[in-house]
J.: 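Mind looking over this structure? Questions follow.
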Amino acid sequence: MLVNDPAAAHFEIDPDRTDLVEEFRRNPKGPHSDTLRKVLHRMRWSGEGGRFVLVTVEPGRRWVLGRLPERRGRPVELFHNQTFDDPADAEWHVFKVRWQAITGRAIAGGRSGEPD
Amino acid sequence: MVDTNSVLGYATPLIVSPGERVRFHLSSRSMTECGVEVVRVRCGDPDPAGPGLRLHAMNSAVDGRRPLRFQPIRPGSFALVPNRLPFGTLSSFGFACFLWPTWPAKGESERGAIQTVAARVANGGAGWRLEIGPDARLRFVVAAAGGRTATAIAEEPLREREWVFVAARYDAGGAMLLDVVSLDPQAGRDATSSAGTSAPGGVIWSGSAPLTFGARQAGEERGRPVTADHFNGKIDRPRLVSAALPAGELRGLCEAVDPRPGDPRIVGAWDFAHGIGTDRVHDRSANRLDGQLHNLPARGATGANWDGSAVSWQARPEHYGAVHFHDDDMADAGWEPDFALEVPPDWPSGFYALRLTGTGAGGDPMDSFVGFFVRAPLGQARAPVAFVASTATFLAYANSALRLDQVHAESMLEGLMQLSRDDCYIAEHRELGLSTYDTHSDGSGWIYSTALRPILSMRPRANSFNYVNDTHVLDWLEEKGFAYDVIADDDIHREGAALLGQYRCVITGTHPEYYSREMCDAFDAYQRGGGRHMYLGGNGFYWRIAWNPALPSAIEVRRDVSGVRTWEGEPGEAHHSYTGEFAGLWRQNGRPPQRLVGVGFDAQVFDRSAWYRRLPESHDPRVAFIFEGVGADERIGDFGLRNGGAAGLEIDRAEPTLGSPPHLLRVATADRIGYGGLPSPEEFRTSHRGLDGEQNANVRADMVFFPTAAGGGVFATGSIAWACALSCRGYDNNVSRITENVLRRFLDPAPFAGF
């Protein structure tokens with residue numbers, strides 16, 4: 001039985017590559033450089049830091065951040081204080097959470113570099 | 001947030017003719033009444049960038065306020081042999097079978113969960129049960145009517161997906177025995193053990209209880225059995241005997257695929273290899289204790305004796321004596337109908353829905369729907385154009401939880417998933433039954449899907465795939481003033497080419513992916529007979545399916561060998577149980593889509609959609625009609641509701657080696673797809689770098705035309721995203737123009753000259 005193994009995404013992320021952070025900050029939707037693609041694949045496949053999702057509040061206009069349950073049959077956890085009117089902002093938010101979970105280093109600021 | 005699920009329901013039948021009756025089965029946990037209105041669907045997509053929801057109120061006889069009640073769904077499959085004469089006359093007995101548990105440790109994660117292999121218990125619990133306990137160990141329980149209970153428990157836990165022979169015996173003298181024998185007892189796999197204990201003597205067995213496999217009976221509701229403690233895994237060759245025989249003798253009776261009916265010790269010897277295409281279980285004993293399967297467990301499943309010498313159940317049925325039960329199988333919710341609608345004879349054919357409104361459980365406004373379809377009266381086409389409701393595809397994707405359960409989804413989409421309220425509902429309500437893209441709780445794939453349950457993905461406001469995307473074609477047809485009938489996959493399968501032959505042009509939508517042989521034959525004959533076919537989608541004509549011969553709107557899908565598979569089927573189980581046909585892709589069945597419609601699936605591209613550029617063949621005067629009003633260098637479809645382009649999501653290309661016809665003209669292509677374009681597995685022989693769309697010119701969407709015999713023709717766009725670009729810029733765009741040019745020409749009976 002072929003299964004998808006979350007632990008299979010093992011690209012080693014260099015915490016000093018802040019240039020990759022800045023690349024994502026500038027352009028969350030991509031296209032991205034080769035190395036950033038690998039970083040994103042690890043984040044998205046492994047679930048480290050949380051399997052985040054967006055839940056549509058208003059189609060095409062507003063989304064709330066959610067997290068998938070660890071086990072089937074449990075509810076999707078919703079973070080009602082984290083809503084977005086641009087999915088790119090949500091991508092950046094989740095990137096920061098995952099970067100910290102994997103590298104141990106926090107990233108400050110919003111997408112345009114301002115404190116958030 | 002609009003509440004789309006405080007009331008759910010389904011319609012029977014799913015597809016109805018004018019003048020016929022459609023029944024609505026509704027349920028709500030939280031509401032006692034709601035508003036009801038029948039609507040004809042023009043656009044089911046609430047996306048504010050598109051036309052928005054466009055629903056035409058029909059002012060039907062059932063409109064108004066309706067009371068609601070809660071009707072439960074009881075998932076889990078099982079076999080039930082009704083009580084018959086021999087059961088109550090037994091004193092000592094033995095039960096044995098081969099067993100392949102797929103989730104023996106369920107009790108660890110679902111605290112206290114028990115899984116029943118076989119049981120005969122009366123209301124109140126008296127009787128016997130062979131079951132897997134919460135600790136993964138097999139146990140045999142005898143509960144006498146007076147409350148005296150004894151249990152024999154195997155020493156070793158069962159191992160996942162390892163065959164064992166099991167034998168349980170009750171001796172009326174006051175003893176019980178349980179044997180587990182591993183069929184491959186090496187390298188750490190051995191779960192062999194024996195257990196015995198004293199038991200209440202002389203138990204008088206119930207004179208009314210049924211015998212069940214895969215669950216125990218816990219009651220009855222409206223004439224339907226209510227069962228509990230469902231099993232996950234395969235049961236092969238169960239035998240019931242009238243004496244506490246030694247394990248070796250029972251093993252011999254189980255090994256015999258054709259036990260002697262004259263053996264007076266045999267009470268029942270069930271042969272699950274008999275009637276694989278049905279929901280009946282057959283007893284080979286002289287007692288003929290036949291039974292019934294409930295909720296469609298998987299048939300055509302390899303048994304303990306399967307050795308690979310045949311890979312089809314038709315070739316060696318004796319190797320396919322197993323049924324694979326799942327605790328979450330769901331084929332028929334069994335809800336009572338709440339009301340019925342006589343569809344007026346003058347209603348136009350179309351996508352319809354019962355709209356359910358009110359205030360939902362959390363105080364949000366509710367706007368829920370039950371989807372159904374109205375066909376033109378059979379044999380009485382009312383328009384020159386037919387649009388195909390891809391009901392097989394809608395069934396295949398029904399209630400998919402793929403994005404919730406499978407880790408690949410975010411990587412595949414190259415971004416955060418956008419879930420709907422329906423997704424959140426399905427996360428917690430697996431009792432609805434999932435799609436053929438999903439895995440059961442034991443990790444095996446869903447192979448059956450039916451319409452006798454609420455389908456959240458087949459109605460307005462559903463996730464934007466398949467059904468909702470197809471309504472963009474309906475919206476465009478109405479906007480442009482083209483009259484059309486809707487015909488459904490079910491009808492094409494049943495009525496064949498004659499149904500299609502009523503129409504000058506047949507349009508298949510964004511994702512006509514699931515086709516039976518009969519449906520392929522119908523399109524082939526239609527096209528050869530001069531029919532015109534516009535295929536406005538991607539990934540079409542891809543999987544070979546079988547329709548349930550007895551149950552309407554129920555399909556079977558087997559994912560083996562190749563293709564984009566969100567699960568991989570078991571070895572030896574690539575043949576449909578309903579028909580015996582080899583399943584898999586049409587490409588592997590000698591009928592690649594390129595042969596039927598010129599193009600075939602090559603890649604998924606979910607991160608961004610692309611645009612088409614015209615190719616030299618687009619200037620061939622024979623196809624000038626396609627590009628009237630479109631400039632030579634125009635980007636075609638550099639806009640759209642699905643990731644900004646008309647070529648995206650799932651895309652198809654022409655390929656002569658797979659059957660694209662010699663007369664095919666490849667008039668445009670979208671071949672700059674980017675690294676998010678990833679080829680389907682059958683598109684490459686060996687793994688290598690450079691497979692993605694940035695480097696691989698075969699990751700592309702082709703727009704093609706070719707003439708067929710007798711003045712027919714086929715036009716294909718090879719992209720799911722195409723239809724979702726039709727409405728852009730007020731329907732005044734080159735995707736809309738090309739579609740209209742082709743449809744007008746296809747409605748003109750003049751043959752295509754010069755080929």
J.: Which heavy-atom pair separates B/Q418 from A/P87 by the least distance, and what is that distance?
T.: NE2-CG, 3.7 Å
J.: Tell me, do B/D47 and A/P59 make a side-chain contact under 4.5 Å, heavy atoms counted?
T.: no
J.: Tell me, side chain or backbone of A/W45 under 4.5 Å from chain B's heavy atoms, or both, or neither?
T.: both
J.: Quick check against the 3.5 Å criterion: does A/K29 have a side-chain atom that pairs as donor or acceptor with the backbone of B/D607?
T.: yes
J.: Any side-chain heavy atom of B/L404 within less than 4.5 Å of one from A/V76?
T.: yes
J.: Please classify the contact of A/V94 with chain B as side chain, backbone, both or neither, using a heavy-atom distance under 4.5 Å.
T.: side chain
J.: Counting heavy-atom pairs under 4.5 Å with chain B, which one of A/G66, A/S46, A/G47, A/P75 comes out on top?
T.: A/P75
J.: So which of A/P6, A/G60, A/A90, A/P31 has the biggest tally of heavy-atom pairs under 4.5 Å with chain B?
T.: A/P31
J.: Heavy-atom pairs under 4.5 Å with chain B: which of A/V64, A/L78, A/L68, A/V3 has the most?
T.: A/L68
J.: Can you tell which part of B/T439 gets under 4.5 Å to a heavy atom of chain A, answering side chain, backbone, both or neither?
T.: both
J.: Would you name the heavy atoms of A/G73 and B/R430 that are closest together and state the gap between them?
T.: N-NH2, 4.1 Å
J.: Nearest 0.5 Å, please: how far is CG in B/L416 from CZ in A/F84?
T.: 8.5 Å
J.: So which part of A/L40 gets closer than 4.5 Å to some heavy atom of chain B, the side chain, the backbone, both or neither?
T.: neither
J.: Quick one: pull up CG in B/D692 and CZ in A/R37 and give me the separation to the nearest 0.5 Å.
T.: 6.5 Å
J.: Looking at A/R98 and B/E410, is there a salt bridge between them, counting it only when a charged N and a carboxylate O are closer than 4.0 Å?
T.: yes
J.: For a 4.5 angstrom cut-off between non-hydrogen side-chain atoms, does B/S420 reach A/T56?
T.: no
J.: Is it the backbone or the side chain of B/E694 that comes under 4.5 Å from a heavy atom of chain A, or both, or neither?
T.: side chain
J.: Counting only heavy atoms closer than 4.5 Å, note whether B/S109 contacts chain A via side chain, backbone, both or neither.
T.: both
J.: In terms of heavy-atom pairs under 4.5 Å, which option from A/G30, A/A9, A/P28 contacts chain B the most?
T.: A/G30
J.: Would a distance-only check, ignoring hydrogens and angles, find a side-chain to backbone donor-acceptor pair under 3.5 Å from B/Y675 to A/H32?
T.: yes
J.: Would the number of heavy atoms belonging to other residues, nucleotides or ligands and lying under 6.0 Å from CD of A/E22 be above 12?
T.: yes
J.: Start with the C-alpha gap between A/V53 and B/R403, add the side-chain angles, then the distance that decides, and say whether side chain to side chain contact (heavy atoms under 4.5 Å, CB included) holds.
T.: CA-CA 10 Å; A/V53 294; B/R403 297 188 300 168; over 6 Å; no
J.: I'd like to verify something: which residue of A/E91, A/H41, A/R62, A/R72 has the highest number of heavy-atom pairs under 4.5 Å with chain B?
T.: A/R72
J.: Enter the distance from B/M417:CE to A/L54:CG here, rounded to the nearest 0.5 Å.
T.: 9.5 Å
J.: Which heavy atom in B/D442 sits nearest to a heavy atom in A/M1, and how many Å separate them?
T.: O-CE, 4.5 Å
J.: Around atom CG of A/N27, are there more than 12 heavy atoms of other residues, nucleotides or ligands at under 6.0 Å?
T.: yes
J.: Does a side-chain heavy-atom distance below 4.5 Å link B/M412 with A/R44?
T.: no
J.: Should the heavy atoms of other residues, nucleotides or ligands under 6.0 Å from CZ of A/R71 be counted, would the total exceed 12?
T.: yes
J.: Tell me, side chain or backbone of B/R161 under 4.5 Å from chain A's heavy atoms, or both, or neither?
T.: side chain
J.: Could you check whether any side-chain heavy atom of A/P69 comes within less than 4.5 Å of a side-chain heavy atom of B/E428, counting everything from C-beta outward?
T.: no
